[in-house]
Amino acid sequence: MKKIIVTGALGQIGSELIAKLRSEYGTDNVLATDIRRPQSPTGGPFEILDVTDAKRMHELAKAFGADTMMHMAALLSATAEEQPLFAWNLNMGGLVNALEVSRELNLQFFTPSSIGAFGPSTPKKGTPQDTLQRPTTMYGVNKVAGELLCDYYFHKFGLDTRGVRFPGLISNVAKPGGGTTDYAVDIYYKAIEEGKYTSYIAEGTYMDMMYMPDALQAIVDLMEADPAKLVHRNAFNVTAMSFEPSEIAASIRKHIPTFEIDYAVDPVRQAIAESWPDAIDASAAMTEWGFKAEYDLDKMTEDMLAELKVKLKRESEAS
Ligand code: AKB
């Protein structure tokens, strides 16, 4: 039975990951931590943790009896461009602390990388697992350095490090903050609330995406995978779909025929998006640990709109 400590547990991935892990491994076997206090109880153990505080991270993991660390705390791409030095300190400082604590306590280790680890010179279509990585963003620099650091801890110390390169993640629970792919979440909220959306990403800009249930399953499957089958360990390409803004709008129109999209392009996030691949190749993840995504664009749209309608109605009734 796993005993898992999760950092960044109130973030977009973390808040759903802890629910998934608690349902798989038991409520009391998952310690959620975050730098801020939750607005409502997380449904299990919770502790405040600033990931730059290695001593507290070690104490919490040890007292909990953790055998696994899932390090999710990080600043996303657009925010990292606004505060590059802070992003370096938080993203790299937090990661090295989490790896060190895992080495000291011999924990299995997971952290996500991102399509942000690629750059303009990376092949744009069918982006291979092993390819040129010269990102032009601070977030990308952090992610490439993080991938290498996780490999280093595996080769040097035998630490059981594992990870994926996530595409844009779309979910109806916690909103993302400060990412480049966030438009693909915002658009669903605005479709229901206002029937129209102004996209900060230009028409024709393709990026990889995935629905959150597939992302959570990918984490569990990779952590449970037979290590003998893993040729790569960290930074597996995973993706479920690749689309551009007018395609997600067309998918929404199948349910809300009057939905409209227009564009007010944000040059910073547009430049980041253009430096990333259009569509990555996830065949290494499929071959080595059976990665498979259940949701395509239309299936995701149907579920997102249904779930968000209920959520937004509940919130408006409560306010
Ligand atoms: C972002 O847009 O920064 C993230 C990511 C793709 O890593 N969603």
Side-chain angles (χ1 to χ4, degrees), residues 8 10-17 70-84 86-88 90-92 94-95 110-120 122 124 127 133 135-147 150 163-189 199-202 205-216 218-219 234-245 248 265-280 282 285 293 300 304:
L10 301 182
Q12 189 206 11
I13 307 177
S15 52
E16 289 182 66
L17 181 62
M70 295 200 180
H71 178 59
M72 312 307 289
L75 230 55
L76 293 184
S77 55
T79 315
E81 278 320 283
E82 281 164 21
Q83 308 173 72
F86 178 61
W88 174 267
L90 179 74
N91 290 353
M92 299 316 298
L95 177 61
F110 174 87
T111 200
S113 184
S114 157
I115 53 170
F118 298 119
T122 302
K124 279 230 168 274
T127 307
Q133 289 181 267
T136 47
T137 62
M138 176 50 87
Y139 182 66
V141 170
N142 297 165
K143 288 301 183 190
V144 176
E147 291 179 4
C150 291
V164 295
R165 290 186 187 121
F166 272 136
L169 295 182
I170 294 155
S171 85
N172 50 60
V173 180
K175 278 193 172 178
T180 301
T181 57
D182 297 7
Y183 91 89
V185 178
D186 300 340
I187 194 169
Y188 288 111
Y189 281 83
S199 174
Y200 60 80
I201 293 293
T205 311
Y206 281 87
M207 284 183 277
D208 282 288
M209 303 279 177
M210 189 187 284
Y211 199 30
M212 190 61 86
D214 283 333
L216 302 179
I219 296 174
N234 299 296
F236 279 97
N237 283 2
V238 289
T239 184
M241 59 195 100
S242 165
F243 57 74
E244 52 88 25
I248 188 170
V265 173
D266 167 18
V268 174
R269 285 178 287 186
Q270 181 63 25
I272 296 175
E274 283 175 15
S275 77
W276 291 354
D278 289 355
I280 62 174
M300 174 177 78
M304 272 298 278

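Numbering of ligands and ligand atoms starts at 1, following listing order.
Atom numbering of ligand 1 starts at 1 in the shown order; those under 4.0 Å from a heavy atom of L76 are 3 (O). Those atoms of ligand 1 with a heavy atom of G179 less than 4.0 angstrom away are 1 (C), 2 (O), 3 (O). Of all the atoms in ligand 1, the ones that sit under 4.0 Å from a non-hydrogen atom of W276 are 1 (C), 2 (O), 3 (O), 6 (C).
When heavy-atom distances to ligand 1 are checked against a 4.0 Å cut-off, I115 comes that close only through its side chain, counted from C-beta outward.
Residues M241 and M210 form no side-chain contact, since every pair of their non-hydrogen atoms from C-beta on lies 4.5 Å or further apart. Side-chain contact between P135 and F118 is absent, with no heavy-atom pair separated by less than 4.5 Å. Taking 4.5 Å as the limit, every side-chain heavy atom of T79 sits out of range of all side-chain heavy atoms of Y139. Taking the side chain as every heavy atom from C-beta outward, P112 and M72 approach each other to under 4.5 Å. Side-chain contact between W276 and T180 is present, with at least one heavy-atom pair separated by less than 4.5 Å.
Nearest protein heavy-atom neighbour of atom 5 (C) of ligand 1: S114 OG, 3.5 Å. Closest to atom 8 (N) of ligand 1 among all protein heavy atoms lies T181 OG1, 2.9 Å. Residue, atom and distance of the protein heavy atom nearest to atom 3 (O) of ligand 1 are S77 OG, 2.5 Å. Nearest non-hydrogen protein atom to atom 2 (O) of ligand 1 is T180 N, 2.7 Å.
There is a side-chain donor-acceptor pair under 3.5 Å between S113 and E147.
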